[in-house]
Amino acid sequence: MSPRPFALLGLSLLLAACSNHPEPSPPSPSAAPAATHEALPADQRELRGSLLGAPADSEVELAVLLVDARGTPREELGSTRLQGNGQTLPFSLRFHPQPFAAGTRIELRGRASQSGRLILRLPPRTLSVVDSQALGALQLVPAP
């Protein structure tokens, strides 16, 4: 018997084995959180945290600002808008860091409005390090 039929049989078995797709293994628990955070571009930073006290149907605005010595905003480095839901409101705010001159600082500021009326504010929070960071839970307070 010639080796040709065995070679064809072996080749067909090899092709059949290669055509079967292995079942994907379930992701490990440690890999799941990493997949939810998207990598930041090199020129951006991110502040993460949650806001407490934002009522349902309120519009919340957060901004990272360059502020002068008198507390006057000079430049917006990044901002985001969120919809209040009456519960803890998670946020992620990306911004472009910049070197700042003496007499200026970087602050996170926020406000919540309802029906176009300012109702709450986030006390200004100075960022001592202009880098990505988790701020934890921040409490909104009544606006003056």
Problem set entry | Shortest non-hydrogen separation from Arg109 to Gly71 and the atoms involved | NH2-O, 2.9 Å
Exercise. Can you tell me if CZ on Arg111 sees more than 12 non-hydrogen neighbours from other groups inside 6.0 Å?
Worked result: no
Problem set entry | Minimum side-chain heavy-atom gap Pro55-Leu120 below 4.5 Å | yes
Exercise. Are the side chain of Gln114 and the backbone N or O of Ala56 linked by a donor-acceptor pair below 3.5 Å?
Worked result: yes
Exercise. Taking atom CD of Glu61 and atom CG of Leu118, what is their separation to the nearest 0.5 Å?
Worked result: 9.5 Å
Exercise. For Arg48 and Leu135, what are the C-alpha separation, side-chain angles and deciding distance, and is it a side chain to side chain contact (heavy atoms under 4.5 Å, CB included)?
Worked result: CA-CA 6 Å; Arg48 293 174 311 282; Leu135 300 175; over 6 Å; no
Problem set entry | Minimum-distance pair of heavy atoms, taken over all atoms of Ser50 and Thr88 | CB-CG2, 3.5 Å
Exercise. Would you call Glu59-Arg81 a salt bridge at under 4.0 Å N-O?
Worked result: yes
Seminar exercise, completed: Closest non-hydrogen atoms of Pro97 and Arg45, given as atom of the first, atom of the second and distance, are CG-CG, 3.6 Å
Problem set entry | Considering all heavy atoms, the nearest Ala54-Gly84 contact | CB-CA, 4.2 Å
Exercise. Side chains of Glu46 and Ser92: is there a donor and an acceptor less than 3.5 Å apart?
Worked result: yes
Problem set entry | Validation row: Leu51, Leu62 side chains within 4.5 angstrom (heavy atoms) | yes
For this session: Please test Arg125 against Glu107 for side chain to side chain contact (heavy atoms under 4.5 Å, CB included), starting from the C-alpha separation and ending with a verdict.
Result: CA-CA 5 Å; Arg125 183 176 180 114; Glu107 287 185 353; over 6 Å; no
Seminar exercise, completed: Result for side chain to side chain contact (heavy atoms under 4.5 Å, CB included) between Leu138 and one of Leu108, Leu52, Leu47, Leu89 points to Leu108
Exercise. Honestly curious: do Leu93 and Leu65 fall in one hydrophobic cluster under the side-chain, below-4.5 Å linking rule?
Worked result: no
Problem set entry | Hphob cluster co-occupancy, Phe91 + Ile106, side-chain heavy atoms under 4.5 angstrom | yes
For this session: Decide yes or no for Leu140 and Arg121: does some side-chain heavy atom of the first lie under 4.5 Å from some side-chain heavy atom of the second?
Result: no
Exercise. Do you know which two heavy atoms are closest between Asp68 and Arg105, and how far apart they sit?
Worked result: O-NH1, 3.2 Å
For this session: Pick out which of Val130, Leu127, Thr80 makes a side chain to side chain contact (heavy atoms under 4.5 Å, CB included) with Val64.
Result: Leu127
